[in-house]
**Student:** 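Here it is, the structure in full.
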6 protein chains.
Amino acid sequence: MFENDNPAFGASLQPFMGIPSFMRLPVSRDLADVDVAILGVPYDCATSFRSGTRFGPRKIREMSLLLYGYNPTLSIKPTDKLKIVDYGDVSIIPTSIMHTMDKITTCAGEIIDQGSTLVTLGGDHSIVLPLLRAHAKKFGPLSVIHFDAHLDTSESEFEFIPYSHGTAFHYAIQEGLIRKGAYYQVGIRGPVGGENDYLDACELGARTITIHEIMDKGIKSILDEIKVGVHGPLYVSLDIDVADPAFAPGTGTPEIGGLTSYQLLSFIRGLQGLDLIGCDLVEVSPLYDHSEITSIFAANLVFEYLSLLALKKINGKI
Amino acid sequence: MFENDNPAFGASLQPFMGIPSFMRLPVSRDLADVDVAILGVPYDCATSFRSGTRFGPRKIREMSLLLYGYNPTLSIKPTDKLKIVDYGDVSIIPTSIMHTMDKITTCAGEIIDQGSTLVTLGGDHSIVLPLLRAHAKKFGPLSVIHFDAHLDTSESEFEFIPYSHGTAFHYAIQEGLIRKGAYYQVGIRGPVGGENDYLDACELGARTITIHEIMDKGIKSILDEIKVGVHGPLYVSLDIDVADPAFAPGTGTPEIGGLTSYQLLSFIRGLQGLDLIGCDLVEVSPLYDHSEITSIFAANLVFEYLSLLALKKINGKI
Amino acid sequence: MFENDNPAFGASLQPFMGIPSFMRLPVSRDLADVDVAILGVPYDCATSFRSGTRFGPRKIREMSLLLYGYNPTLSIKPTDKLKIVDYGDVSIIPTSIMHTMDKITTCAGEIIDQGSTLVTLGGDHSIVLPLLRAHAKKFGPLSVIHFDAHLDTSESEFEFIPYSHGTAFHYAIQEGLIRKGAYYQVGIRGPVGGENDYLDACELGARTITIHEIMDKGIKSILDEIKVGVHGPLYVSLDIDVADPAFAPGTGTPEIGGLTSYQLLSFIRGLQGLDLIGCDLVEVSPLYDHSEITSIFAANLVFEYLSLLALKKINGKI
Amino acid sequence: MFENDNPAFGASLQPFMGIPSFMRLPVSRDLADVDVAILGVPYDCATSFRSGTRFGPRKIREMSLLLYGYNPTLSIKPTDKLKIVDYGDVSIIPTSIMHTMDKITTCAGEIIDQGSTLVTLGGDHSIVLPLLRAHAKKFGPLSVIHFDAHLDTSESEFEFIPYSHGTAFHYAIQEGLIRKGAYYQVGIRGPVGGENDYLDACELGARTITIHEIMDKGIKSILDEIKVGVHGPLYVSLDIDVADPAFAPGTGTPEIGGLTSYQLLSFIRGLQGLDLIGCDLVEVSPLYDHSEITSIFAANLVFEYLSLLALKKINGKI
Amino acid sequence: MFENDNPAFGASLQPFMGIPSFMRLPVSRDLADVDVAILGVPYDCATSFRSGTRFGPRKIREMSLLLYGYNPTLSIKPTDKLKIVDYGDVSIIPTSIMHTMDKITTCAGEIIDQGSTLVTLGGDHSIVLPLLRAHAKKFGPLSVIHFDAHLDTSESEFEFIPYSHGTAFHYAIQEGLIRKGAYYQVGIRGPVGGENDYLDACELGARTITIHEIMDKGIKSILDEIKVGVHGPLYVSLDIDVADPAFAPGTGTPEIGGLTSYQLLSFIRGLQGLDLIGCDLVEVSPLYDHSEITSIFAANLVFEYLSLLALKKINGKI
Amino acid sequence: MFENDNPAFGASLQPFMGIPSFMRLPVSRDLADVDVAILGVPYDCATSFRSGTRFGPRKIREMSLLLYGYNPTLSIKPTDKLKIVDYGDVSIIPTSIMHTMDKITTCAGEIIDQGSTLVTLGGDHSIVLPLLRAHAKKFGPLSVIHFDAHLDTSESEFEFIPYSHGTAFHYAIQEGLIRKGAYYQVGIRGPVGGENDYLDACELGARTITIHEIMDKGIKSILDEIKVGVHGPLYVSLDIDVADPAFAPGTGTPEIGGLTSYQLLSFIRGLQGLDLIGCDLVEVSPLYDHSEITSIFAANLVFEYLSLLALKKINGKI
C-alpha cells in the first residue's frame, strides 16, 4: 500500500483529527510512478445563480477522511492497488475565465502527460472544457458520459464571454474534443430556455437521457445502451446536481426530481469495465451544504471512481 | 410573449441579479387581458408548531427566477401562452385570522371576478378557506384535490377561534364550498389525534388517499380514480408537506414517510386535461429551508401548474 | 388514559408551547405500574467524526410534541394502552466511557428490574453495550435486530479503550449478550477498513443484510427471514444513519445510499408480533439537523415502537 | 435552598443533560409560599417583521441551565433566598391577539393575586399590555422602565386591530396603567415613521432616553435620573433589541447602534434598591439566534433580575 | 412625498410583505426629476476569500423595508425631500472583470449624466474603480473617504488581471480619479503582505487612518482632520468590513478589532455639510449573515447617507 | 524566510485555494532548527455544555490562510524571523480524558525538549493541564496568564474523574506547576456555583481580575500590575470565551459581558517584552461559529502571539 509517510498528517487518526488531504494521501507534485492525481479547481465564477463551489475541493477533501478505504460492493481497496497523490489546487484567477481555463488546461496537461490519471474536484462545471481539452490532446476525441440535471450545451449565458457553467459541452463538441456518437447526457430534467434546447443538444450529437427515461427503463437498461455506444477512452463528468436536491442540497442550481444517492452510486458502479481515463466531480457548494451531506456524497462518488480505476489496473489496463 | 417591459427588473438577467417578482413577470394590479395572477398571502399565524411561512411568497418569488421558461416534459412555455402578472401580496393582519380571512376572500374575489385565474403562494394552510370561499362564489361548489400529509378536517385546534391551518377543509365542506364526492385528500399519513379523525374526514365526504395507497397502487392508478371522481371546476390545494421532509424540509409540521419530488411532479403533471380553475401552494417556511430546496421545489410546482393552465388555454378552455 | 396531571407541563398545548418531556408524559422516577420508561443517554464522546448527540435526547423530546397520539397505520394509541413515563437522563461522565457505561448499565438495570420496558434515546451507539448488558442480565441472551449503515463489530477504534461507537456489538457478542444465530445487522453499506470486516462480523455470528439485499429483495422478504431467525426476547437497536442522509442529515457519520423514511417505517412496523423487550434509538445529532427533520424522524420511530409495545400488551404479552 | 426534588429533572446534571425547566426549578402551578413564578408567553403573531419568538420561552429555559446559581457581582444566590417555580406557559391563541391578551391577563392575575412576583418570558412585545393590566389591577398605576430600541407608543400598526408589538405602551398609558411621570423608555434609536413619533411619546408622558443620551452621559447618570423619577411599584419591560444586534442577533426587528451586553447588565444591576414588582423579557427569536447567544443573554438578564428580587427580599420587601 | 404608486408593491405593507425594491421605492429607469438612483452591482468574483456578495443588493433591498423613513438623529425624512428610484441592477458578467467594469462605468455614467446622484449597493470592492471612473468623468478628480479594514491599494492580487477587490484604489489614484491630498482611508487594520504596504499607500497619496488612531483620538477629532482636507465633490466608499465582525459578520474577509455600529453611524452622520456626490456600500455577503444583521446594518448606512443628501438638498446644493 | 517548499500546498494561493496547514507552513514533525511548532489538540469531551471544539484546530488552520504575514501594529513579519512548522494533531482518545492527557503531555514534551516553542490549538480547556505539566517539567514552575470568563479552579465537575474543562488550574496549582503569586486570571465574570468559588481561587493563589476591574481601570493599568507580578518563563492560556459572545459566538459556554476583540488584541500585544515560552488557544467550537468569525479571531490571536515570539527572538531571547 502506498501511504502518506509524513506523520504530521496523521495517517492513523480518526476523521476529526489531522490535516485533510484527500483520504490523507501524500500532498505532492512529484508524479513518478503515480497512477492517479487528485486535483482541485476552486473556480466558481461561471455560475448563473448560487456560487460557493470555490470551497468544494477543500470540503470534499475533509469529508474524504470518512472513507475507510475498502469498497465492499466492488471488493477492492483502491489505495492498495493505486499510487494516488493529492496534487493540490490549480491557482485559478476568479476575475477571468479565459485565463483560468488556460491554467486548467496547462495544469491538467502536465499531469496527464506524466502518465497519471486525473481526477478533478470542482469548482463549477465550466472547468470541464479545459479538462476535456487537456485529455483530448493526449487521447484524441473522447467518449463522454456527462451526469447532470442540465444540458450544458447552450451557446452562451452571459454577454461577451461564451464560456460559463452551462455552455462547456457546446464548445467541447464544436472543438472536436468529443467522439461523434459517444456523448451521453444522463439525468437531464427541469425547465429550459426554449423548445430548441433539447433539439440543439441532439444536433450537436448528444444522446440526451432524461430522468424520465431512467425512471421508466431502469439504470441497467440505460447502462446497456451506453456500453454499446462508448468507444475508446471514456471521460466521466459528474455534476452533483444530477442527484435530487434532497440528496445534494449543496449545489448552485438545484433541480428537483432527480436521482437518489443509491441510484447514482449504482450508475457509477455500472461503468466497471469501460476504458476510464479521467473524471471530474463538480458543482459542490459547501455554503449551501449545512449538514455536509453533499460533500460526503461527492467524496463517495470519487471513491467509487477510484475503485473502478483500481479494478481496471488489476485487469492490466492502467 | 408577454414580458416585463420595465428594464429595471432585468428581464434578461441571470437568476442572481435583479428584483424578484415571480419569474420576472410584471408587478401589476391591472388585470386587463390577464390570464393568470400570482398572489402572495404571507399569513403564518394559524400554525400549530413552526411558523415562518410569512416569508414564503417572497422566497418562492426569488427562487422562481431559476425557472428558465420552457417545460420540456409538457412541451410548453407557459409565459408564451398566458398573460401572467405578479399581483403582489394581500395585506394580511397577523393579529387576527378573522380579519385576514376576510381580506383574502375580498382580494381573491376581485381577481377572479376580472376573469383571471388565481395562483396563490402561502402562507399557512388556513388561507385555503377564504380562497375556496372566493372561488366557490364564482364557480359554485368545487371539485378539490388536496395534497397534504395531514387531514386538515379537524373541528378546532386552538381555543375560541375555529380556524387554523388544520381545520380549513372541515369548514369548507360545512359551508358547501366543495362538491359532494369530489374532494380528494392525497398523501395523508402520520399520527393523528384519535381513531375518529379518518372517520370524521370520511363522514365529511372526503376520499382520503393515504401514502400507503399511493405507494401500493402507484400514482397512475390513483390519478385514474381521481379523474373519474372530479367534475367541473377543479381547485388544487397543495401543502408542501405532502412531500417527504427530505425533499421539503422548509415547512412547519414536517411529516416523515412522504412523496419524493419526482412523485409529486408526476402527480401534478397527471392533472392535465382537468378543468383547473385555481390553486394554492402553502406551508413553505424559508426559515427552515437552509438550502432553499423547498422554495425551489415550490416554484417548480407552480411552474408545472402554469404549464397545465397554458395547455388548457391552447385547448380553448381558459 | 395515563396522562401528565401537572398542569404546568401543558398537556393540552400545541407543540410550540410548554416544557418538553417526551410526548408531554409525566417526568418521574416512580415506576410503579409503569409499562414503559423513556430514558435519555446524552453521551457523545465515543464518536469517530462529528459529535453532538449529547443534545439528541433533549431534541427528540421536543420534536415528540408533534406526535398527536393515535397511530392510524397500526390502529392504536400507545398512551391509551401503556403507562409511560419520561425517566429523564442518565448522568453520564463525558470524560470516561468506562464510568459512563457502568452508570448506564446500573440505571437501565434499575428500570428493567422494576418491570418497565426501557426505550432509550441516545447519545452515540457506544451506549448499546451497557444497555445490552442490563437487558441480558434479566432476559438472558437476546435476539437483536440492529439497524445501521455500519457493522459496529470492529475490535477497536481509538487507542487504549476498546469501546467506541463502532465496536459495541463486537463486545456484546464476546460477552454472550446476544443469542447465537439471532443477530441481524440491517442496512449495512459504505466503505469499511478492509476486506475482513464483513467476514469478521460473519464469524462473530452476525447475519449482515446489506442495503443491496434490501433493495433487491424488498423489505417484506427480509422481514420474513428475520422472523424465522429471531427467538425469545428481541432487542432492537436503531442507529438513525441506517436511513439515507437525505432523510437523516443530523447524525455523526452519514453514509449515502441508505433507506428512505418510508422504508424504515415499514421495516419497524413489520416487527409487529415479535417479543419486543427493549430498544434504543441512537446517533441523532441536532447540531447537524438544521431543519430538525432527523429529530422528527427519530421521534416517529420511537412512536412506532411504542405502538408495537401497545399492540403487544393488548395481546397479553407485556 | 428550594430545589427541584424530582430526580428525573436531574438537579445535579451538567447543562447538556436533563429536561429544561427554568434553572431546573420545579415545574408547578402550586404557588403556596412561592416568591417568584416564571411564566412563558409564546405568542409571536403581533410582529411586523421576523417572527419566531414563540420558541423564546423554551429556548431561554434551556439556556438558563448554564446559570450556575451564585451572582458574584451582586453577591447573592437567588435560589437560596427565593422560592421560585417554573409555572409553564400561557396557552396562547396565535390566531387572535384579543383572546390571547385576555388569557395572559387572567393567567398573570392568578399568579400575582397569590402573592408571587411574576417574571415573564416572551413572546413578542405585544404581551406587555395584558401583563401591565394584571399588575396595575393589583398595584395601581405602575412606574415603568422600558428598555427598547423602539418607542412602542404608536397608535396602530396593522389594520383593524390596534394592538401589536409596537403599540402596547400607547394603550397602557391610555388605560391609566402607568403612573404619570414615571415611564422611562431607555435605548431608543433608529428610523421612525415620522417626525411626530417622539413628540407623541412625549405627549403621552414618556421620558424618552435615546441611545445618544446614554452614550453621552453614561449609564450612572441616566440611572440617577430614573431613580429620582420612579415611585412605588416598578415594572421592568425588557425588549432584547435594546442591545445591539451584535449582542442580540436573535430578535425580530434588530436595530443597529445599540447597547453592549456589559452596558445592559450594568443598567439592570443599577436598579438595585427600587421597588421591583414584576418584569418581562421579550422579543427573543431563537430562529435567528444560530449561536444561541441571544437566549443566553436573555437568561442572564432574568438571572440578574432574580438576584435583585433576592436582595429585595433580604431587605424585607418581598 | 415621492412614492411608489404601483399598488402591487404594497407601499403600506409591513416589512415581511410585498416585493422588495429599496425602501419600496419605484423600480424605474426613467430618471426625469430623479434626485437619487439606487443601483445594484451583484459582482463578487474579485474576492480573495469568501464570496456571496452577488446576493448583497437583493438582501439589502429586502432589509431596507425595515427603514420606517424618518431619521430622528438628523431630523429628516429623506424620501420627503428627495425623489429616489430603485434603478435595478447592472447586468454584470461574472466570468470577466474587464467586461463587468466597462458595464458598470457605462451604467453609472448614464445615471450621473442625467443629473441623479448615484448610490451603489455591491458586490465586492472591485466595483469602486469603474464607479470612480464614471464620477470623475463628470466631476473631475474626487475627494474620497474610504472606510475599510484593508488598504485596497495593492498592485495586484491574482495573476494576469490587475483588478481585484484589493487593488481598486491603487488604479484609481494612478488614473488620476482622486484629488491629490484628499484621499482618506479610515479604519485600516489587520495583517498585510509586507512592511511596504502602508508606505506604498502613503506614497500614492493616501492618508491612512488606522483603527488605533480612531480609538485613541476619537471620531470627532478624525472628522475634523478630514473636513480640513477634503475639497469639492466628495465620494464615499464604504466597505462594511470596516466594522468589527461582531457587527458585520456577513462579509468576505472579516477583520477583527474594528468599529462598532454606533461608531460607524456616528462617523457617517459626521459627514454632514460636505459636498457628497455619490457613494457605494460594498462587501455584504448574505451567505455568511445568518441573522441578517449585516444587511440590516448596510441598509441603515445607506439610509443615513440618503439623509445627508436630503439635508444637502434643503441647503440648496443638490 | 522559511517557507513551505511543497508546491502542492500552494504557498502563493489566495485563501480560498489549497490545503490548509497553519498559515501554509510546512507540515512536519522534523523539529531541527524549528523555533515554533503549531500543535492541534482536537479533544472536546471535557465540556459541560456545547461541544465541537474537536474541529477547532482544523478550522483555525483554515482561517489562518487569511493572515497575510506582516503585523503592522507590532512592525514584524513572524514567518521572516521564526522557523515555524505545523506539527499536526495529537492523536487523542475521546473516550478517556486520562489517556488523552498522557498523550498530550508526552507529545508536548517531545516538542519542547527539542527546543521548539509550542503553540497549541484546542480543543477544550481541559488540555491545559497536560500542557502545563510538559512545560513545567522543562521550565519549572511557570508564571501563567489565563484569559477566561470562568475561574476554571473548581475541584470537580463530573463524577469519578476530577479533570474537566473547568478544573484544570485547580490541579495545575496543586501539582506545583504554577509559580506562587504569578497566576493571573483575566476577564472573569458570570454566575458561579457558590460564594466560595472566588475565595477558593484566591486561596489557591490566583489573582482574579474580573471584567469589572478591566472595564474600570483599563487594560494598561491591569498590564502594569501583571508585569510586576510575573517572573521567569511565562505561559499564556487563552480561552476564547474571555471575549464577549458577540465577538466569539463559536464556543461551548458563552458568557455575556466580556471583552471586545479590540480589547483582547490590545491585551495580548501588551505582553511584549515578557518571557513568553508557550501558549494555547482553546474552546473554539466551529459548530456554533456560522460566520467563522470566532475562528478568524482565534487565528489572529495566535498570529499576535507569534509576532511577540518573533520580537523576542530579535531581542536574542528565543
Side-chain angles (χ1 to χ4, degrees), chain C residues 4-22 24-31 37-45 51-59 61-62 65 85-95 100 103 107 110-111 123 286-287 290-292, chain D residues 4-22 24-31 37-45 51-59 61-62 65 85-95 100 103 107 110-111 123 286-287 290-292:
Chain C
N4 195 334
D5 57 1
N6 181 343
F9 273 95
S12 64
L13 297 179
Q14 290 296 317
F16 66 86
M17 296 185 262
I19 292 167
S21 65
F22 193 84
R24 297 201 197 277
L25 291 161
V27 177
S28 172
R29 297 219 154 165
D30 175 359
L31 295 183
I38 309 287
L39 177 69
V41 183
Y43 179 76
D44 67 351
C45 294
S51 60
T53 60
R54 58 174 58 192
F55 292 110
R58 189 175 287 167
K59 196 70 179 180
R61 281 185 179 106
E62 186 185 351
L65 303 185
V85 296
D86 190 327
Y87 196 81
D89 286 355
V90 177
S91 177
I92 64 97
I93 299 109
T95 47
T100 293
K103 296 206 66 165
C107 181
E110 286 165 4
I111 293 167
L287 303 188
H290 298 83
S291 303
E292 300 171 329
Chain D
N4 194 334
D5 56 2
N6 181 343
F9 272 95
S12 63
L13 298 179
Q14 290 296 317
F16 66 86
M17 297 185 261
I19 293 168
S21 64
F22 192 83
R24 297 200 197 277
L25 291 161
V27 176
S28 172
R29 297 221 154 163
D30 175 0
L31 295 183
I38 309 287
L39 176 69
V41 184
Y43 178 77
D44 67 352
C45 294
S51 60
T53 59
R54 58 173 58 191
F55 292 111
R58 188 175 287 166
K59 195 70 179 180
R61 281 185 179 105
E62 185 185 352
L65 304 184
V85 297
D86 189 327
Y87 196 81
D89 286 354
V90 177
S91 177
I92 64 98
I93 299 108
T95 47
T100 293
K103 296 205 68 166
C107 181
E110 286 166 3
I111 293 167
L287 303 188
H290 298 82
S291 302
E292 299 170 331

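Every chain is numbered from 1, with letters handed out A, B, ... down the list of sequences.
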**Student:** For the residue pair C:Ile111 and C:Leu31, what are the closest heavy atoms and their distance?
**Tutor:** CA-CD1, 3.7 Å

**Student:** Pick one of side chain, backbone, both or neither for D:Leu39, based on which atoms fall under 4.5 Å of a heavy atom in chain C.
**Tutor:** neither

**Student:** For D:Ser291, what residues pass the side-chain contact (heavy atoms from CB on, under 4.5 Å) criterion, not counting sequence neighbours?
**Tutor:** D:Ile293, F:Pro249, F:His290

**Student:** Please flag which part of C:Ser91 lies under 4.5 Å from any non-hydrogen atom of chain D: side chain, backbone, both or neither.
**Tutor:** both

**Student:** Considering only heavy atoms, which portion of C:Val90 lies under 4.5 Å from any heavy atom of chain D: side chain, backbone, both, or neither?
**Tutor:** backbone

**Student:** Distance-only, no hydrogens or angles: does the D:Arg24 side chain make a donor-acceptor pair with backbone N or O of D:Gly10 under 3.5 Å?
**Tutor:** yes

**Student:** For C:Asp89 and C:Pro42, indicate whether the former's side chain and the latter's backbone hold a donor-acceptor pair under 3.5 Å.
**Tutor:** no

**Student:** If the condition is salt bridge (charged side-chain N to carboxylate O under 4.0 Å, His left out), which residues does D:Arg58 pass it with, not counting sequence neighbours?
**Tutor:** C:Glu62

**Student:** Closer than 3.5 angstrom, by distance alone: can the side chain of D:Asp86 be matched with the main-chain N or O of D:Phe22 as a donor-acceptor pair?
**Tutor:** yes

**Student:** Is chain D contacted by the side chain of C:Phe55, its backbone, both, or neither, given a heavy-atom distance below 4.5 Å?
**Tutor:** side chain

**Student:** What part of C:Arg54 gets within 4.5 angstrom of chain D, counting heavy atoms only: side chain, backbone, both, or neither?
**Tutor:** both

**Student:** Side chain, backbone, both or neither: which part of D:Pro57 has a heavy atom under 4.5 Å from chain C?
**Tutor:** neither

**Student:** If we define contacts as heavy-atom pairs under 4.5 Å, which of D:Gly40, D:Ala8, D:Ser21, D:Pro94 has the most with chain C?
**Tutor:** D:Ala8

**Student:** Chain C heavy atoms under 4.5 Å from D:Arg29: which part of the residue, side chain, backbone, both or neither?
**Tutor:** both

